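Side-chain atoms are counted along with the backbone in the values below, which use heavy atoms only and exclude waters and symmetry mates. Just so you know, residue 1 is the first one in the sequence shown, and it goes up from there. Being a predicted model, the structure only gives us computed values, none of them experimental.
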Amino acid sequence: MRRRLLILAITLTAAVLTALIAPLVTAYAEERAVTLHEQRLAAATRFAALVDDSASGAPALLGPDLARYDAVTGSTRSAVIGPDGSTLAFGAEAPVGSDPRYDDAVQRALTGTPTTAPSALWPWRTDPLIVATPIGRDAQILGAVVMVVDTAGPRGDVATRLAVAVAGGIALLALVAFLVGVPLVAWVVRPVDQLTERVQTLASGRRPGAAEHAGPPELRRLATSFDEMARAVEYSRSQQRDLIADVSHQLANPLTAMRLRLDGLAADDPAVEPVLAEADRMARALEGVIEVSRAGGHDRRRVPVDVAAQIRERIALWEPLFDGRLRVTGIETEAPAVLEEDLVPTIVDTLLDNAAKYAPDSPVEITLERNGTGDARRYVATVRDHGGSTDTGLTSTGPTDTGLTDSEAAELGERFHRLPRHADVDGTGLGLSILVLRVRDAGGSVAIEAAHPGLRCVTTLPARPGPGTSAANPDAAVPAR
């Protein structure tokens, strides 16, 4: 937008300068044409008067005078033409009469009509100026005086003026663009750029900062309207989270009481065990709903962490369950970042829990890669199993099972999404959805895809917090864990 506005401003300025410069150059070219024609016409009229006052045969005697005049001007070829069109006398060089314009000027002069000045002398017009005036006594036309004038000199003057005007216009255009156009466009575009950044911030779930109310009044009103909308959206999100938290809290108390009673009954009646399991499942689903409701919230506290160290800690806890089937690479060196303290453990726990439930006999590969430097530094953690799927409910049914299909993998991460054939597998269908939301809140991304066989989950995490967040420097010393 900035470039388009600047091009538009420069184009309009160039049009205004052209409208001012073109008439000036045109007036100068016309003035030079009129002046040159008047000078030569005056000389031709004087020679015509000399012929008129001379005795019979005198036109031939004007040859030396015409030659001296041609030599003085240096750009003129003069001649005296008889009434029959023949050349009676000429100066240093006889004019060439093969030009239709020359023949037309002679014929008009022999009918008593002198030539008129051309409209303008332009550098790209190389034809000479032809001046002719009749020689007459009383009402009788005795001949004509014709001058063919080379206009190279005047055309050079016009070209010089034109070049100076164009160069001056370009310099003025550049000066106006630099001193006026660029600041003006920046003044207009700056609030638009700020508004775009704040819209992107709001779309990513973060709270946009206050805008600088600068620029045109229309854009200031737009920024004010956006501030009001952002506050309304944040208020609506806050109300939604508060409502879910309140409802969950109100459900948690009776659910806890019910579970305690079921525990007492289960000791005497084993038939109560399935009901107790459903109560536990409901409690986990309630906790998942609370966690989902926090998505997009601004209460996330970020601290310096070592991603590699956290992955090592979680793997040490999960290793006995997998019995040597975990294959880990890339976690030997430090990977400092600024994230929620429990984010990386949650990612590892969620994915390894899925692998343990839905691919119990397959090896699991975990890799950590580092991309970029400085503010662009990111960590890519990949967890891939070789069996079934995730808490959406895909398991290996036999040695020929290839795990997830591409269409099934595309549905992972949706809330409460489980495949019907695995409804009996323990889970709520919220594990991956919570993982996706939390990583997104951290400024990262999650890609879930079928590995043929098995599942691959690629999690990208930023080393530094995004704009609009406050957190410690990731390059600071990572606290001991």
Taken in chain and number order and not counting sequence neighbours, the residues that satisfy salt bridge (Lys or Arg N to Asp or Glu O under 4.0 Å) with Arg378 are none
Side chain of [X], backbone of [Y]: donor and acceptor closer than 3.5 Å?
{"X": "Thr115", "Y": "Ala132", "answer": "yes"}
{"X": "Asp385", "Y": "Leu455", "answer": "yes"}
{"X": "Glu38", "Y": "Leu36", "answer": "no"}
{"X": "Asp70", "Y": "Ser78", "answer": "yes"}
{"X": "Thr35", "Y": "Arg32", "answer": "no"}
{"X": "Tyr379", "Y": "Pro336", "answer": "yes"}

Taking only residues two or more places apart in sequence or in another chain, which ones pass side chain to side chain donor-acceptor pair (under 3.5 Å) with [X]?
{"X": "Thr133", "value": "none"}
{"X": "Thr11", "value": "none"}
{"X": "Arg370", "value": "Thr333"}

In the structure I gave you, are the side-chain heavy atoms of [X] and [Y] within less than 4.5 Å of one another anywhere?
{"X": "Ile81", "Y": "Val145", "result": "no"}
{"X": "Cys457", "Y": "Val446", "result": "yes"}
{"X": "Leu461", "Y": "Val344", "result": "yes"}
{"X": "Val146", "Y": "Phe47", "result": "no"}
{"X": "Glu30", "Y": "Thr26", "result": "yes"}
{"X": "Thr76", "Y": "Arg40", "result": "yes"}
{"X": "Val164", "Y": "Arg161", "result": "no"}
{"X": "Arg456", "Y": "Thr382", "result": "yes"}

With side-chain contact (heavy atoms from CB on, under 4.5 Å) as the criterion, how do Asn354 and Leu432 come out once you've worked through the C-alpha distance, each side chain's angles and the decisive distance to 0.1 Å? CA-CA 9 Å; Asn354 285 334; Leu432 282 180; 4.1 Å; yes
Can you tell me how far [atom2] of [Y] sits from [atom1] of [X], rounded to the nearest 0.5 angstrom?
{"X": "Thr116", "Y": "His37", "atom1": "OG1", "atom2": "NE2", "answer": "6.0 Å"}
{"X": "Glu332", "Y": "Leu368", "atom1": "CD", "atom2": "CG", "answer": "9.0 Å"}
{"X": "Leu435", "Y": "Ile448", "atom1": "CG", "atom2": "CD1", "answer": "7.0 Å"}
{"X": "Arg68", "Y": "Asp65", "atom1": "CZ", "atom2": "CG", "answer": "4.5 Å"}
{"X": "Gln39", "Y": "Leu129", "atom1": "CD", "atom2": "CG", "answer": "10.5 Å"}
{"X": "Thr73", "Y": "Asp150", "atom1": "OG1", "atom2": "CG", "answer": "10.0 Å"}

Take a 6.0 Å sphere around CZ of Arg312 and say whether it holds more than 12 heavy atoms from other residues, nucleotides or ligands.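 Check passes, neighbour count above 12.
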Which atom of [X] lies closest to which atom of [Y], heavy atoms considered:
{"X": "Thr45", "Y": "Leu41", "value": "OG1-O, 2.7 Å"}
{"X": "Glu341", "Y": "Gln310", "value": "O-NE2, 3.0 Å"}
{"X": "Tyr69", "Y": "Met147", "value": "CE2-CE, 3.7 Å"}
{"X": "Trp124", "Y": "Leu162", "value": "CZ3-CD2, 4.2 Å"}
{"X": "Gly112", "Y": "Ile141", "value": "CA-CD1, 4.0 Å"}
{"X": "Ala33", "Y": "Ala117", "value": "O-CB, 4.4 Å"}

Sequence neighbours left out, what passes side chain to side chain contact (heavy atoms under 4.5 Å, CB included) with Val16? Give chain and number order.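 Partners of Val16 by the side chain to side chain contact (heavy atoms under 4.5 Å, CB included) criterion, ordered by chain and then number, come out as Leu20.
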Set of side chain to side chain contact (heavy atoms under 4.5 Å, CB included) partners for Pro363, sequence neighbours left out: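 Per chain and number, Pro363 pairs via side chain to side chain contact (heavy atoms under 4.5 Å, CB included) with Arg327, His386.
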side-chain contact (heavy atoms from CB on, under 4.5 Å) between Leu351 and Ile366, intermediate numbers included: CA-CA 10 Å; Leu351 297 177; Ile366 303 175; over 6 Å; no
Result of checking Ile347, Asp342, Thr350 against Arg438 for side chain to side chain contact (heavy atoms under 4.5 Å, CB included): Asp342
Let's go through Thr126 and Arg155 carefully: what are the C-alpha distance in whole Å and the side-chain angles of both, what is the deciding distance for side-chain contact (heavy atoms from CB on, under 4.5 Å) to 0.1 Å, and is it a yes or a no? CA-CA 8 Å; Thr126 59; Arg155 284 188 290 106; 4.3 Å; yes
